[in-house]
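What follows is a single structure, written as structure tokens, with notes after it.
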Amino acid sequence: MEVMTKHRSHSAAFKRQVAEEFIAGETLQALAQRHDISRQLIRIWVGEFEAGALDGDVQAADLLQEFEAKIAALERMVGRQALEIELLKGALKHAPRPRSASTSVVTGPVVSPSAEGAR
């Protein structure tokens, strides 16, 4: 029978918390049992913490969270603009236009000869 190891992902903040608890005097055994993680993993995290590696992970996670928030705000803005564009397209389709005169975006409405003679 083969034993499957379970791989869990722990946040940098959690790793830092466990390392700080160990440095504050908590035993490896107590931490390992309470958090259901191996003593070796705690040793690794303590080493990373003392080397300052976990600080960089926390900063990177904070930066990632900030970027994700900005992306979400931009996606909402794009969604609103897309709705506005569709609304304006619909309004333009239903806008009343003079049937007798053709119009151009570049030149504007065509001037009829009778209107020129009245000037």
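One-based numbering along the sequence shown.
Across all their heavy atoms, H10 and K15 have their closest contact at O-CE, 3.4 Å. What you find for I42 and I37 is that their closest heavy atoms are CG1-CD1, 3.7 Å. Residue S38 comes nearest to A32 through the heavy atom pair C-CB, 4.3 Å, listed as atom of the first residue, atom of the second, then distance. Scanning both residues, H94 and G90, for their nearest heavy atoms gives ND1-O, 2.9 Å. Contact detail for A19 and W45: the closest heavy-atom pair is CB-O, 4.0 Å.
Counting heavy atoms of neighbouring residues, nucleotides and ligands inside a 6.0 Å radius, atom CD of Q29 exceeds 12 of them.
A distance of 11.0 Å separates CG of L87 from CG of L92, quoted to the nearest 0.5 Å. Atom CZ of R39 is separated from atom CG of L31 by 11.5 Å, given to the nearest 0.5 angstrom. A distance of 9.5 Å separates CD in Q40 from CG in L28, rounded to the nearest 0.5 Å. The structure places CD1 of I85 at 6.5 Å from CD of Q81, a figure rounded to the nearest 0.5 Å.
With salt bridges taken as basic N to acidic carboxylate O contacts below 4.0 Å, one links R34 and E21. Between E66 and K70, at least one side-chain N (NZ, or NE/NH1/NH2) sits under 4.0 Å from a carboxylate O, which counts as a salt bridge.
Looking only at side-chain heavy atoms (C-beta outward), F22 and R43 stay at 4.5 Å or farther from each other.
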